[in-house]
Amino acid sequence: MQLEILSQSDSNTLNGLIQAARNIVVCCHKSPDGDAIGSSLAWAEYLRQVGKEPLIIVPDAFPDFLRWLPGVERVMRYDKHTAVCNARIAEADLIFCLDFNATNRVDDMQQALEAATAQRVVFDHHLNPQIDARLLVSLPQMSSTCEIVFCIVWQLGGFEMFSRQAAIAVYCGMMTDTGGFTYNSTRPEIYVIIGHLLTKGFDKDKIYRNVYNNYSSWAIRFRGYLMSQKLNVLNELNASYFCITRQDMKNFHFVKGDAEGLVNEPLRIKGQKLVISLREDTDKDNLILVSLRSVDDFPCNEVAERFFNGGGHLNASGGKLFCSMDEAERIVRDAIMAYADRLRA
Ligand code: 5GP
Ligand code: MN
């Protein structure tokens, strides 16, 4: 099976850029998920293999359920160490942008990234890449950026030297971006890659438990409360939504990560095609974070773009609204109604 994804000329370009670089930064999107962190860790390991000393910078905190990942202690947070990160980004001659397609996906780091004089390389699987880059590897058909990183390391001959830790990082990102291989996960190459990764000797079932069976008792109660008390199911439209207020979060001792994956839960209702979750930001007033999930060919990214200032993948998207929760709820209802015919079908 064909795992090589770079043309010979792109492969030469990438090798040349890496060889010539003295200061390398690897960065990913804000609120980094398993794929963003996993791909950054794995790619940074490859760069170390070839004698480089990359710095991984993430815009902000990553969730507790990723803290076990080997090597995360080396990752630098932009929001915590802004001055150091700005200096490292400014002096970088090569910046790898992993798992994002537009510079506004790095939040407060956007200005530093745009002002940087470094050559940029993008590895990403989101649609519509908008980053000006010396080398753009944009493959929306891939399950994850981790899969892209694997294929590139494989193609460049780095997999034999790859450590178990790096294989774990790749596996984690492929697993989380496919919801434990339940969506975007039918391409056979994925399982060939997993076969190779497992030769490094790790327990993939433990990775599943580390990520998905890692709730605090408060977080489990929070999920139960939301599904029982806050879920609005529009039965005839095969759609549902729920709204999480600051008060809800306070009542259940919310910490970052507790809402992760929650939006998938109502998709388990028979026939459900679209789920939207709204959550008040914990800090900023009138900022509502929106997550959307859909199944089959229903394009939740189109809904995210039209109604929620966002975008994403066909079946998993996000966005934000700058209004009260009441107003946001009206927008959700309007959005669902706008797609009523397709949802009913
Ligand atoms: P989540 O619901 O997990 O926050 O986001 C799901 C997916 O939607 C993410 O993988 C990301 O690709 C995409 N996404 C989330 N927020 C935004 C946004 O504001 N803009 C765009 N273009 N994509 C987003
Ligand atoms: Mn991803």
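Counting starts at 1 for both ligands and their atoms, following the listed order.
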List for me each residue that meets ring-ring contact (aromatic ring centres under 6.0 Å, His included) alongside Phe65, sequence neighbours excluded, and say none if there are none.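 Here no residue qualifies.
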
Set out, in order, the CA-CA distance, both residues' side-chain angles and the distance that settles side chain to side chain donor-acceptor pair (under 3.5 Å) for Glu45 and Ser163, then state yes or no. CA-CA 8 Å; Glu45 163 149 329; Ser163 67; 2.8 Å; yes

Which word best sums up how the rings of [X] and [Y] line up, parallel for under 30°, tilted for 30 to 60°, or perpendicular for over 60°?
| X | Y | result |
| --- | --- | --- |
| Trp43 | Tyr46 | parallel |
| Phe222 | Phe254 | perpendicular |
| His253 | Trp218 | tilted |
| His313 | His125 | tilted |

Counting non-hydrogen protein atoms only, what is the nearest one to [atom]? Give residue, atom name and distance.
| atom | answer |
| --- | --- |
| atom 12 (O) of ligand 1 | His126 NE2, 2.7 Å |
| atom 18 (C) of ligand 1 | Gly318 O, 3.7 Å |
| atom 7 (C) of ligand 1 | Ala316 O, 3.5 Å |

What is the total of protein N/O/S atoms that are closer to the Mn ion (ligand 2) than 2.8 Å?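 There are 4 of them.
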
Would Phe123 and Phe150 count as a close aromatic pair, with their ring centres under 6.0 Å? no

Heavy-atom closest contact (Gln2 atom, Glu189 atom, distance): O-CG, 4.1 Å

Which ligand 1 atoms does [X] reach within 4.0 Å, using its non-hydrogen atoms?
| X | value |
| --- | --- |
| His313 | 10 (O), 12 (O) |
| Ser291 | 1 (P), 2 (O), 4 (O) |
| Gly319 | 16 (N), 19 (O) |

Would you call Glu305 a ligand 1 contact, heavy-atom distance under 4.0 Å? no

Would you call Asp281 and Lys284 a salt bridge, taking side-chain N to carboxylate O under 4.0 Å as the test? no

Does the pair Asp60 and Arg77 meet the rule for a salt bridge (Lys or Arg N to Asp or Glu O under 4.0 Å), with working shown? CA-CA 5 Å; Asp60 56 0; Arg77 269 175 61 179; over 6 Å; no

For ligand 1, which part of Arg293 has a heavy atom less than 4.0 Å away: the side chain, the backbone, both, or neither?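 Under 4.0 Å from ligand 1, Arg293 contributes side-chain atoms alone.
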
Can you tell which part of Arg105 has a heavy atom less than 4.0 Å from ligand 1: side chain, backbone, both or neither?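 Side chain only.
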
From atom 24 (C) of ligand 1, work out which of Gly310, Gly311, Cys300, Gly312 has a heavy atom at the shortest distance. Gly311

Please test Glu305 against Asn301 for side chain to side chain donor-acceptor pair (under 3.5 Å), starting from the C-alpha separation and ending with a verdict. CA-CA 6 Å; Glu305 276 166 36; Asn301 51 355; 5.2 Å; no

Taking distance alone, with N or O pairs closer than 3.5 Å, would you say [X] contacts ligand 1?
| X | answer |
| --- | --- |
| Asn309 | no |
| Glu260 | no |
| Val290 | no |

Can Tyr208 and Asn213 be said to form a side chain to side chain donor-acceptor pair (under 3.5 Å), step by step? CA-CA 7 Å; Tyr208 184 94; Asn213 299 356; 5.3 Å; no

